[in-house]
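Whatever order the structure lists them in is the order used to number ligands and atoms, beginning at 1. Quick note: numbers below take in every heavy atom, side chains included, and nothing from hydrogens, waters or symmetry partners.
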Amino acid sequence: MLVVELIEKKKLGRELTDAEIDYLVANFALGAIPDYQMAALLMATYFKGVNDREGRRFLHAMIHSGEQLSYPNIPARKVDKHSTGGVGDKTSLIIAPVVAEAGIPVPMISGRALGHTGGTLDKLESIPGLSVRLTHRELESILKKYNCVFGAQTDSLVPADRKLYALRDVTSTVEIPPLIAASILSKKIAEGTDALAMDVKIGSGGFLPDEDSARELALRLVEWSRAYNVETIAFGTDMNEPLGNTAGNGPEIEECLRILQTGSGEPRLLEISTLLGATMLQLGGVSKSQHEAREKFTDILKSGKAYTRFQRIAEAQGAIPESWKMFESGVPASFEREIKSSKDGFIGEILPRDIGYALVDLGAGRRVASDPVDPSAGVRFFKKRGDRVASGEPLALAQWSSESANSPAALARIETAFVITESQPVPRPLVYFRTDANGASAYKS
Ligand code: URA
């Protein structure tokens with residue numbers, strides 16, 4: 001097959017056959033198709049789309065680009081969680097150790113920063129020594145011992161997603177919903193989970209601009225995963241402002257560790273963590289109702305046991321035990337700058353996409369695929385949407401350590417991301433809908 005002909009076909013809006021998709025995915029994973037040809041194909045796909053059959057075939061080909069894990073020595077029902085991605089979206093790191101503490105195995109294969117959004121793997125790697133590039137044997141042994149492991153795509157585990165993900169990140173081709181579904185589910189099916197709680201982010205801080213497109217993706221995730229015997233429940237949640245009090249890898253780990261230690265934290269972050277964590281407890285069969293599951297999740301979180309479990313998992317993955325002190329006293333950075341309000345008023349918006357791209361400029365994300373990531377780079381929010389502010393009052397603190405960061409651009413962008421209004425903004429819902437095998441329903445908390 002000639003790749004240039006397949007690019008041409010997509011450019012003209014024609015469907016690719018199953019054999020053509022298999023060929024593209026397998027050969028790209030092997031390195032036989034160069035990035036520039038795959039980037040052209042992705043851009044054509046962005047404009048012309050892929051239909052349901054093509055999307056399902058991408059998923060099939062991506063799963064089969066590597067091995068599929070199974071854990072015959074871990075008979076319990078395995079449950080995982082994933083988000084379509086957002087800014088400050090760190091719930092996986094709070095939820096996974098709590099659910100593991102409840103007795104449910106969580107074999108979590110995650111992704112890196114993508115576009116303006118953060119990635120669980122980059123956050124984890126801000127813990128000195130921790131490695132996410134684990135072999136099947138290492139994944140299995142850590143999962144068996146601690147009920148949870150955090151891994152990455154590798155040359156043998158969904159290598160096609162590893163390469164496509166990195167290319168989509170730097171070519172502005174993330175927002176292709178069927179490829180988002182294929183990317184997420186290829187990791188989850190290859191990791192060997194039996195059930196999945198999905199957080200589909202709605203708004204400018206994620207990749208789905210509105211509720212309709214999020215509902216469509218949620219339904220697709222539920223249906224496609226069912227074809228692989230994975231039971232999925234998906235929630236549509238708000239991503240029109242950063243989640244939690246921090247954004248950026250090291251600062252987000254610091255925030256998660258504090259929540260795991262104390263059981264308390266920023267309310268929106270705690271609510272989404274509790275909703276998804278409780279759903280995992282139900283999917284894993286340890287709680288019968290959402291109410292009972294929420295209570296169990298909260299009890300474990302408040303006990304501090306999930307904090308210790310997270311430390312043991314991280315140390316089994318190479319984390320240096322001395323690092324915990326550094327997170328307790330606050331991730332240090334070589335440079336920091338306060339962002340102040342230019343006038344009196346209310347915080348009308350904190351535009352998450354601007355915060356996300358400012359973080360890339362500070363070094364927390366990648367401009368090109370080979371860029372190193374600065375683990376200390378981040379933003380600490382002192383004010384939330386709806387808060388009253390006075391002129392000159394600090395809104396946030398930006399921090400970074402790399403001399404080569406484009407800090408002037410980043411700081412200007414963080415400043416304009418805070419929209420100050422004369423009147424208090426109307427509160428937005430946090431959770432919009434819930435989708436399972438019976439379809440979508442409005443969410444009532
Ligand atoms: N998360 C993923 O794993 N893949 C995507 O494409 C988007 C979010």
With heavy atoms of K187 as the reference, note each atom of ligand 1 found under 4.0 Å away.
2 (C), 3 (O), 4 (N)
Judged by atom type as modelled, is there a donor-acceptor pair below 3.5 Å linking the side chain of K10 to the main-chain atoms of L6?
no
E254 bridged to R380 by N-O distance under 4.0 Å
yes
What's the spacing between F58 CZ and I176 CD1 if we round to 0.5 Å?
8.5 Å
Interfacing atoms of ligand 1 (cut-off 4.0 Å, heavy-atom, H82):
1 (N), 2 (C), 3 (O)
Hey, does Y165 come in under 3.5 Å of ligand 1, counting only N/O atoms on both sides?
no
Side chain or backbone of L114 under 4.0 Å from ligand 1, or both, or neither, by non-hydrogen atoms?
side chain
List ligand 1 atoms under 4.0 Å from S183, heavy atoms only on the residue side.
2 (C), 3 (O), 4 (N), 5 (C), 6 (O)
What pairs of residues pass the salt bridge (charged side-chain N to carboxylate O under 4.0 Å, His left out) test when at least one of them lies in residues 197-213, not counting sequence neighbours?
D199-K201, E211-R215
Whether K163 engages the ring of F28 as a cation-pi pair (distance to the six-membered ring centre under 6.0 angstrom, angle to the ring normal within 45°) should be assessed.
yes
Between D80 and K187 (salt bridge meaning N to carboxylate O under 4.0 Å), is one present in this structure?
no
In terms of atom number and element, which parts of ligand 1 are under 4.0 angstrom from non-hydrogen atoms of R168?
5 (C), 6 (O)
Any idea which part of T84 is under 4.0 Å from ligand 1, heavy-atom wise: side chain, backbone, both or neither?
backbone
